[in-house]
Amino acid sequence: MGKTRIYLDWNATAPLLDEARAAMLAALSLCGNPNSVHSEGRAARQAVEKARRQVASLVHASTANLVFTAGATEAASLVLTPDFRMGRSPLKIGRLYVSAIEHPAVRLGGRFDAASVSEIPVGRNGVVDIDALGALLDTHPAEDGLPMVAIMLANNETGVIQPVRAAAALVHAKGGLMVVDAVQAIGRMAVDIEALDADFLIVSSHKIGGPKGAGALVSRGEMLMPKPLVTGGGQEKGHRGGTENVAALAGFGAAAHHAQHDLTERNTRIAGLRDALEQHMKACAPDMVIYGADAPRLPNTIFFGLPGLKSETGQIAFDLEGMALSAGSACSSGKVGQSHVLTAMGLDPQAGGLRISLGATTTADDIDRAGAIFATVAGRRRGQGQAA
Ligand code: PLP
């Protein structure tokens, strides 16, 4: 009674960090336009450039190669286009290959027409099928333009980490481009654009404790860039027009800085809590299935199915008990749809999928209480405990 709620939906969004809030409040007091040359403008520019250094550092990229956007969805729409430039010369991308488990921001193919997008299948363990990608690329019609492959580094529903580097080797052998949605990975594992051999990374602020509505497209170099999506005043070196949202970017930068700090220690602690919760859940409900459990996963995610409990009913049951979790991804305005990720894994999406995702401030007490709530909900499903 009177207990505070337990928030275990960090893959949907993370609570705003104190450091991000402080940086945003400071930036809100800067009255200048970061594109003005006077002192006020330069002060605002400094805040934007500090954020750029902080976000670039999180993914080991150069500050010259980062375009700020209003979130990962916009960054995806910017990079997923057939029209690129290599310096001053146009470069055509003929076809986009996206994994079947991508977030809709990527899966829908951005500015490619639907006929130019192919899907890369996924195994039952939730890992993208690299052999299938190789076969697809072998039949790529080179006369249409170069291939582009988009595979996420970690899946938002299962947390399964994807073989991005192997995919990059395949697409690079064909002279094509590798785009990696690293939204769920940053802050939860080391992310290095060079080590991943990616040409572009997509990142978002609000999954790491920054504000919503800020993100970035990070590139490996400066020469090869997509046709701008938002044109206007030439901001972001002409790659994204519009006066920068200084406060949001300052918050994003602060969150990125924080995400780097204690990365290993923080995630080791979170993995310990996650593993303990999984053990408890399996003990309470041996018929529970953890999706993607056989594959390498993010340290914070449990995507599970409980026979006899539909996603929607389950989500409401946990919510009523005081615990926020999610039925797969949370990106369609409150709708609980069927998981395209489960379908792609060859599983029955009707079986239901519920996602628990932990974060930096999740405590052992939260996990104990979550375990007790799980036992209640799982027990009730079998007709024990109180009636629904
Ligand atoms: N990519 C992944 C894997 C996500 O989980 C999300 C958000 O849920 C996005 C992209 C979209 O990010 P944003 O909300 O910044 O547009």
Side-chain angles (χ1 to χ4, degrees), residues 7-16 20 51 55 58-59 66-80 96 98-110 120 122 126-128 150-162 164 179-189 191 196 198 200-218 229-230 240 245 248-249 251-253 255-256 259 291-292 297-298 300-301 303 324-337 339-342 344 353 355-359:
Y7 185 74
L8 292 176
D9 199 12
W10 290 65
N11 288 12
T13 200
L16 190 70
V55 177
L58 180 61
V59 294
L66 191 145
V67 177
F68 279 126
T69 59
T73 301
E74 185 193 320
S77 305
L78 171 59
V79 74
L80 301 178
L96 171 67
V98 288
S99 90
I101 53 166
E102 293 303 299
H103 184 277
V106 170
R107 194 164 159 247
L108 295 178
I120 316 161
V122 165
V127 179
V128 169
I151 299 179
M152 61 202 336
L153 183 48
N155 181 260
N156 45 307
E157 296 192 16
T158 58
V160 169
I161 296 167
Q162 303 299 326
V164 160
V179 175
V180 176
D181 174 348
V183 166
Q184 294 290 345
I186 53 170
R188 300 187 180 134
M189 60 186 277
V191 178
L196 288 172
F200 294 94
L201 289 186
I202 295 165
V203 291
S204 178
S205 151
H206 71 102
K207 312 282 182 178
I208 57 167
K212 296 160 185 63
L217 177 67
V218 185
L229 174 68
V230 182
R240 202 276 186 179
N245 185 345
L249 299 183
F252 183 13
Y291 303 117
R297 279 183 298 157
L298 289 175
N300 76 321
T301 308
F303 190 36
L325 50 56
S326 166
S329 73
C331 292
S332 40
S333 54
K335 266 193 344 227
V336 179
S339 165
H340 71 279
V341 175
L342 289 182
R355 180 187 66 192
I356 290 177
S357 49
L358 289 63

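Counting starts at 1 for both ligands and their atoms, in listed order. Numbers for residues simply follow the sequence, beginning at 1.
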### Query
With side chains defined as the heavy atoms from C-beta onward, is the minimum distance between Leu217 and Arg240 less than 4.5 Å?
no
message = Distance alone, cut at 3.5 Å: any donor-acceptor contact between the side chains of Thr301 and Asn11?
response = yes
Main-chain N/O of Ala154 paired to Gln184 side chain as donor or acceptor, under 3.5 Å: no
Using heavy atoms and a 4.0 Å limit, tell me yes or no: is Lys207 in contact with ligand 1?
yes
Ranking Thr73, Asn155, Leu153 by closest non-hydrogen atom to atom 16 (O) of ligand 1, top hit is Thr73
With heavy atoms and a 4.0 Å threshold, my read on which part of Asp181 contacts ligand 1 is side chain
Ligand 1 to Ser204, heavy atom cutoff 4.0 Å, flagged ligand atoms 13 (P), 15 (O)
field: Donor + acceptor pair across side chains of Glu102, Ser99 (<3.5 Å)
entry: yes
Logged contact type for Met152 with ligand 1, heavy-atom cut-off 4.0 Å, is side chain
Below 4.0 Å from any atom of ligand 1, is there a heavy atom belonging to His206? yes
Checklist entry - Do side-chain atoms of Lys207 reach the backbone of Ala14 as a donor and acceptor pair under 3.5 angstrom? => result no
Within 4.0 Å of some non-hydrogen atom of Val183, the atoms of ligand 1 are 1 (N), 2 (C), 4 (C), 6 (C), 10 (C)
**Message:** If I apply the N/O under 3.5 Å rule, does Ala72 come out as touching ligand 1?
**Reply:** yes
Asn156 heavy atoms within 4.0 Å reach ligand 1 at atoms 3 (C), 5 (O)
Numbered in order shown, the ligand 1 atoms found under 4.0 Å of a heavy atom of Gly71 are 15 (O)
Arg355 side chain to Asn156 backbone, donor-acceptor under 3.5 Å
yes
Exercise. Under a 4.5 Å cut-off applied to non-hydrogen side-chain atoms, are Ile101 and Glu157 in contact?
Worked result: no
